[in-house]
Colleague: 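Here you go, one structure.
A, B, ... follow the sequence lines: proteins, then strands. Residue 1 opens every chain. What you see is a predicted model, and the numbers here were worked out from it, not measured in a lab.
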Amino acid sequence: MPFKENRKLDDRINLPETEERCKKFWAENNVYAYDADRPREETFVIDTPPPTVSGSLHIGHIFSYTQTDVIARFQRMLGKTVFYPIGWDDNGLPTERRVQNYFNITCDPLLPYEPEMKFTHDEKDETPRKHVSRKNFIEACEQLTAADESVFENVFKNIGHSYDWNIKYTTIGRQSIKISQESFIDLYNKGFIKSIESPTMWDTTFQSAVAQAEIEDREIPGFFHDINFRLADSDENITIATTRPEFLPACIAIVAHPEDERYKRFFGKKAIVPLFETPVEIIPSEHAEKDKGTGIMMVCTFGDAADVAWWKASGLPLKQIVGKNGRLLDITFGEKPFVSLDSNKANLAYREIAGLETREARKVIVRLLREAGALKDEPRPITHTVKFYEKGNKPLEFVTSRQWFIRLQDKKDMLTEAGRQIKWKPQHMQTRYEEWVKGLNQDWCISRQRFFGVPFPVWYKVDDKGNADYDNPIIAEKSQLPVDPMTDVPQGYTEEQRGQANGFVGDKDVMDTWATSSLTPQIALSYGNSDKLSLPFDIRPQAHDIIRTWAFYTIAKALMHENTIPWKEILISGFILDPDRKKMSKSKGNVVTPQNLIDKYGADSVRYWAAKARLGIDTAFEENVMAQGKKLVNKIFNAGKFVFNIVEKSALNGCSDYAGYICEPTDISWQNKMSATIAQATKFLQAYDYAGALEVIEKRFWDFCDNYLEIVKKRAYADGEKSAIASLMKTIDLFLRIFAPFCPFITEEIYQTRPWDVNNRQSVHAGGWPQADVDQDDRRHEKLYDIITEITAEIRKAKTEANLSQKTGVKSVTVEAPEEILAQLRPGSIDIINVGSLEEEALILKTGSELKVTDVILAVNEENECA
RNA sequence: GGGUGUGUAGCUCAGUUGGUCAGAGCGCUGCGUUCACAUCGCAGAGGUCACAAGUUCGAGCCUUGUCACACCCACCA
């Protein structure tokens, strides 16, 4: 039901119908389409965050995305064309995990493709995970993300976000893959990308490398084990505390603090690793702390990140004992680098743990140590923090593997400088960014040993012995993109040569999802078909939890590719917190879904709630604010309807050019107020302070309903006075426009049904933000409105205190004020008489030092109230 | 250990450069309201603005310190 010519406003507010009508109207009239022909200066460019498609939309999304929409709508109403894309971040591990759980499948790249395979969701499916081929798995991902994305799209449309749905991308889409691969090739050619074999943080469940930014610490229970190491050439023992005794076979050294008197005399000597009889040197190191554990520790490859750093510095050989599946590798003592004074004994011990998961191996080692008498005391339970992949449920291991890295550590200064060229709102968020850059201690590992992602556009030559040459990759030609090296063939080769001696193999890894989402500006531009736009965009809106990932990586990529900043300003939104001020939990999020709230309060009210919160401030979830929004929406509707009723019965019905009729002093004074409010709101919105703008607009609106409307009611309604009616028309026109960015539905509904401007049925959102030129206003009666409301308040108070109706008549009111005030007041006397139900001649004006209402004598009795 | 933010009425939050800044909404209390709106109106009570010291004629606002809470990073044998 689109808006028809001369449609009348409903008698009662009906939000669901209003919302449907508006959505249809906007879609049919392309109200939010970006105009690629307009020049850059007339364009507002937004780098919209593509939400992760791995479940349902959270109320937090609605919160921050709505704040951006308010800004977008304001800019559009200013007359700009708004480049406002929308995308879905659907590639990567989170999606794979959801697909695995949802369809109860797991990917086995060795299986053949089954073209007929279908996927269904069964809540009660308790059978073991079904193994499917890589291609089938990707199809399952595509199926589920497509379904999820259409749900997301509906919610965003229901809440009234004004994206240009023609500029819609997915990070797994063909175009995104192409741009992501181009990015890889560009960085490779610039020498910013390297592939190296190195210890990498590894999730054994997903069997993939993960990046520094994807790690989180978790407190888990564990044990301290005090293990005795025999000293070589001595009967003495030293006791070493460790939480990971299963790493004994990978021990490469013992370290203690150089100033530790207990161990100073041992430096340079050798200790013997129990069970495995490996001699290791005792070395001083600043890293060791005297008062932790026993003060002396073993270094293994690799129990934790400190081991990695220490190993790199030491130059000692690498003893990798944990495999990619998280199980202990099959190694043999006596072969390099696993030296032992007694290889038979060592191998006997190791055979007990080979093939076990690290946790199981730990238990076995403890038993063996106990049997060998090398365990000083029984293990002591502790709680310690361990690194996890944020989406994983097993601790990370350090596994040596070949990975692609983007060099960032040598660009810290440039990255910091780029951050300084961007305006951060709030400002302190820039500090967070800088601290993150300062603390970078790894390059960016972008390869993931997964399936649903952007493939590396890379193959490797295979030599005559069948070994791949990883140091000299074959990089795809740009004209070939997008490519999948597992099915596409490098130039100069044929498919028959795949995997053959003197042939080639494809790189089977995919990229980290951030490697693609860090290119959202470039991807959006490619979908936008614009030759007028380039980096930097105007704004990037996002939350503060992904400063270290999305913001950081986007800045890094823009710097490396275009040598510029990606956006001029970055607006950091806060979080929605549980009422107990913790981060909103999933369980809660499932109950309070955005759609439920839209259904309950209406889209405009949910938007009102979002727009009330300041940038960067975390806010507790408070449904009351939505109820408040609903009251406002209702009030806007009723005020509109009331004014329409007045206009329809008046001589100004159907009149478009009403402004010239506004001539009465009180009306002119009120319009001064409106101008001031518009000026304030405009200033706030230009500074992206949508909450500040909403506050002043809302305040003025309630003032309008409570005071001005009451003041002019009689003149407009009973007297049919044109000045009052025209002033009401103008006021409604102005409020509809300045509320439009916040409450797009109700404002459009009323705007389209005005009994004036009937030939102008453009969307209220298509432009027309009011100009507040206060300097051109007629300021002769500037103070009058405030004087009237002040006196009115005193009269109302007198009635309230007498427990009487506001309709009670007034016999006399005495106002004392300086002559200057009285001069302003006199032309508006009639309005005080009207609004206060004063009898004729009841208003007595006296000269005094300041404005004061001294006597209010009510008509019902002779009670005299002193104000 | 390093960094950032927050602490203002019972609750959720505003308080822009120090001078009507002690506020709003909700909640609470009282009263009113047939005629735009009970999704209403009018009014009221409620706060040593975390604490302490300092700067100033004057401090929620600036400085220093303390406490509490939250988030990020580092360390985690």
Colleague: For B/rC51, give its Watson-Crick or G-U wobble partner with both distances under 3.5 Å, or none.
Modeller: B/rG65
Colleague: Go through B/rC73, B/rU39, B/rC13 for me and flag the one nearest to the A/Ala620 side chain.
Modeller: B/rC13
Colleague: Under the ring-ring contact (aromatic ring centres under 6.0 Å, His included) rule, collect the residues that match up with A/Tyr433, sequence neighbours excluded.
Modeller: A/Trp424
Colleague: Counting side-chain heavy atoms from C-beta on, which of B/rU12, B/rC35, B/rG41 comes nearest to A/Lys635?
Modeller: B/rG41
Colleague: Within the 4.0 Å heavy-atom criterion, would you say A/Leu632 contacts the bases, only the backbone, or no part of the nucleic acid?
Modeller: nothing
Colleague: Can you tell me the Watson-Crick or wobble partner of B/rG19, both distances under 3.5 angstrom?
Modeller: B/rC57
Colleague: Any idea if B/rG7 is syn or anti, going by the 90°-from-0 cut?
Modeller: anti
Colleague: Using a heavy-atom cut-off of 4.0 Å across all strands, would you classify A/Asp304 as base, sugar-phosphate, or nothing?
Modeller: sugar-phosphate
Colleague: Could you state the atom-to-atom distance from CD of A/Glu622 to P of B/rG27 in whole Å?
Modeller: 11 Å
Colleague: Would you kindly give the OH-to-P distance between A/Tyr608 and B/rA24, to the nearest whole Å?
Modeller: 14 Å
Colleague: Report yes or no: is the cationic atom of A/Arg754 (NZ for Lys, CZ for Arg) closer than 6.0 Å to the six-membered ring centre of A/Tyr751, at no more than 45° off its axis?
Modeller: yes
Colleague: When you check the side-chain N and O atoms of A/Ser727 and A/Tyr708, is any donor under 3.5 Å from an acceptor?
Modeller: yes
Colleague: A/Lys797 side chain N/O closer than 4.0 Å to the phosphate oxygens (OP1, OP2) of B/rG30?
Modeller: no
Colleague: When you get a sec, tell me which of B/rA43, B/rC76, B/rG41 is the closest nucleotide to the side chain of A/Asp706?
Modeller: B/rG41
Colleague: Mind running a 4.0 Å heavy-atom check of residues 691-704 of chain A against RNA chain B and sending the residues that fall below it, in number order?
Modeller: A/Glu695, A/Trp702
Colleague: Using atom CD of A/Glu435 as one end and atom P of B/rG5 as the other, report the distance to the nearest whole Å.
Modeller: 11 Å
Colleague: Any base atoms under 4.0 Å from A/Lys387, or only sugar-phosphate, or nothing? Heavy atoms, all strands.
Modeller: base
Colleague: Among B/rC72, B/rG3, B/rC75, which nucleotide has an atom closest to any side-chain atom of A/Thr431?
Modeller: B/rG3
Colleague: Within the structure shown, what part of the strands sits under 4.0 Å from A/Lys807 by heavy-atom distance: base, sugar-phosphate, or nothing?
Modeller: base
Colleague: Are any non-hydrogen side-chain atoms of A/Arg420 and A/Thr416 less than 4.5 angstrom apart?
Modeller: yes
Colleague: By the 4.0 Å heavy-atom rule, please label A/Glu710 as base, sugar-phosphate, or nothing.
Modeller: base
Colleague: Would you list the atom pairs, donor with acceptor, under 3.5 Å between side chains in residues 694-702 of chain A and any protein atom, with sequence neighbours excluded?
Modeller:
from: A/Glu695; atom 1: OE1; to: A/Arg614; atom 2: NH2; distance (Å): 3.3
from: A/Glu698; atom 1: OE1; to: A/Tyr608; atom 2: OH; distance (Å): 3.1
from: A/Glu698; atom 1: OE1; to: A/Lys612; atom 2: NZ; distance (Å): 3.3
from: A/Glu698; atom 1: OE2; to: A/Tyr608; atom 2: OH; distance (Å): 2.7
from: A/Arg700; atom 1: NE; to: A/Thr677; atom 2: OG1; distance (Å): 2.8
from: A/Arg700; atom 1: NH1; to: A/Asp703; atom 2: OD2; distance (Å): 2.7

Colleague: Holding to side chain to side chain contact (heavy atoms under 4.5 Å, CB included), I want the full list of residues that pass it with A/Thr747, two or more places apart in sequence or in another chain.
Modeller: A/Leu736, A/Phe739, A/Ala740, A/Val764, A/His765
Colleague: Is any side-chain heavy atom of A/Ile732 closer than 4.5 Å to one of A/Trp756?
Modeller: yes
Colleague: Taking the C1' atom in each of B/rC62 and B/rG18, what is the distance between them to the nearest angstrom?
Modeller: 7 Å
Colleague: Just jot down the side chain to side chain contact (heavy atoms under 4.5 Å, CB included) partners of A/Met297, sequence neighbours excluded, or say none.
Modeller: A/Val255, A/Ala288
Colleague: Please give, in whole Å, the distance from B/rC72 C1' to A/Gln430 CD?
Modeller: 16 Å
Colleague: Could you tell me whether the phosphate oxygens of B/rG32, OP1 or OP2, come under 4.0 Å of any side-chain nitrogen or oxygen in A/Lys799?
Modeller: no
Colleague: Does any donor atom in the side chain of A/Tyr601 or A/Glu623 lie under 3.5 Å from an acceptor atom in the other side chain?
Modeller: yes
Colleague: Do A/Gln806 and A/Ser837 have side-chain N/O donor and acceptor atoms under 3.5 Å apart?
Modeller: no
Colleague: Identify the nucleotide, in any strand shown, that forms a Watson-Crick or G-U wobble pair with B/rG46, with both distances under 3.5 Å; if there is none, say none.
Modeller: none
Colleague: Looking at the side chain of A/Asn624, which of B/rA36, B/rC42, B/rC26 is the nearest nucleotide?
Modeller: B/rC26
Colleague: Going by salt bridge (Lys or Arg N to Asp or Glu O under 4.0 Å), name the residues that satisfy it together with A/Lys797, two or more places apart in sequence or in a different chain.
Modeller: none
Colleague: If each of A/Trp436 and A/Ala613 is mapped to the nucleotide of RNA chain B with the nearest heavy atom, which maps nearer the 5' terminus, i.e. the 5' end?
Modeller: A/Ala613
Colleague: Going by purine N1 to pyrimidine N3 plus the second Watson-Crick contact, or the G-U wobble pair, all under 3.5 Å, which nucleotide sits opposite B/rC71?
Modeller: B/rG3
Colleague: Find the distance A/Leu15:CG to B/rU39:P and express it as a whole number of Å.
Modeller: 14 Å
Colleague: State the syn/anti category of B/rG44 according to its glycosidic angle, syn meaning within 90° of 0.
Modeller: anti
Colleague: Quick one: look up who B/rG41 pairs with, Watson-Crick or G-U, both distances under 3.5 Å, and put none if it's unpaired.
Modeller: B/rC31
Colleague: Between A/Val625 and A/Val633, which is nearer to the 5' end of RNA chain B once each is assigned its nearest nucleotide?
Modeller: A/Val625
Colleague: Please report the distance separating the P of B/rG47 from the corresponding atom of B/rC31, rounded so that it comes out in whole Å.
Modeller: 23 Å
Colleague: Remember a base hit wins even if backbone is also touched, and classify A/Asn645 as base, sugar-phosphate or nothing at under 4.0 Å, heavy atoms.
Modeller: nothing
Colleague: Check every atom of B/rG25, B/rC26, B/rA43 against the side chain of A/Lys631 and return the nucleotide holding the closest atom.
Modeller: B/rC26
Colleague: Roughly, in whole Å, what's the span from NE2 in A/His428 to P in B/rU4?
Modeller: 11 Å
Colleague: Across all strands shown, which nucleotide pairs with B/rG25 by Watson-Crick or G-U wobble geometry, both distances under 3.5 Å?
Modeller: B/rC11
Colleague: In this structure, how many angstroms lie between the C1' atom of B/rC72 and the CZ atom of A/Phe575, rounded?
Modeller: 11 Å
Colleague: Go ahead and name the base partner of B/rA36; Watson-Crick or wobble counts if both distances stay under 3.5 Å, otherwise write none.
Modeller: none
Colleague: Of all the choices, B/rC11, B/rC37, B/rC42, which nucleotide is nearest to the side chain of A/Asn634 once you look at every atom?
Modeller: B/rC37
Colleague: If you check every side-chain atom of A/Thr800, which of B/rC37, B/rC42, B/rA36 has the closest atom?
Modeller: B/rC42
Colleague: A/Gln806 has an atom CD; how far is it from atom C1' of B/rC40, in whole Å?
Modeller: 13 Å
Colleague: With heavy atoms under 4.0 Å as the rule, sort A/Phe224 into base, sugar-phosphate or nothing.
Modeller: sugar-phosphate
Colleague: From the options B/rC40, B/rG32, B/rU4, select the nucleotide whose nearest atom is closest to the side chain of A/Ser805.
Modeller: B/rG32
Colleague: Under 4.0 Å between a side-chain N/O of A/Arg614 and OP1 or OP2 of B/rG15, yes or no?
Modeller: yes
Colleague: What contact category does A/Ala627 fall into here, base, sugar-phosphate, or nothing, at under 4.0 angstrom with non-hydrogen atoms?
Modeller: nothing
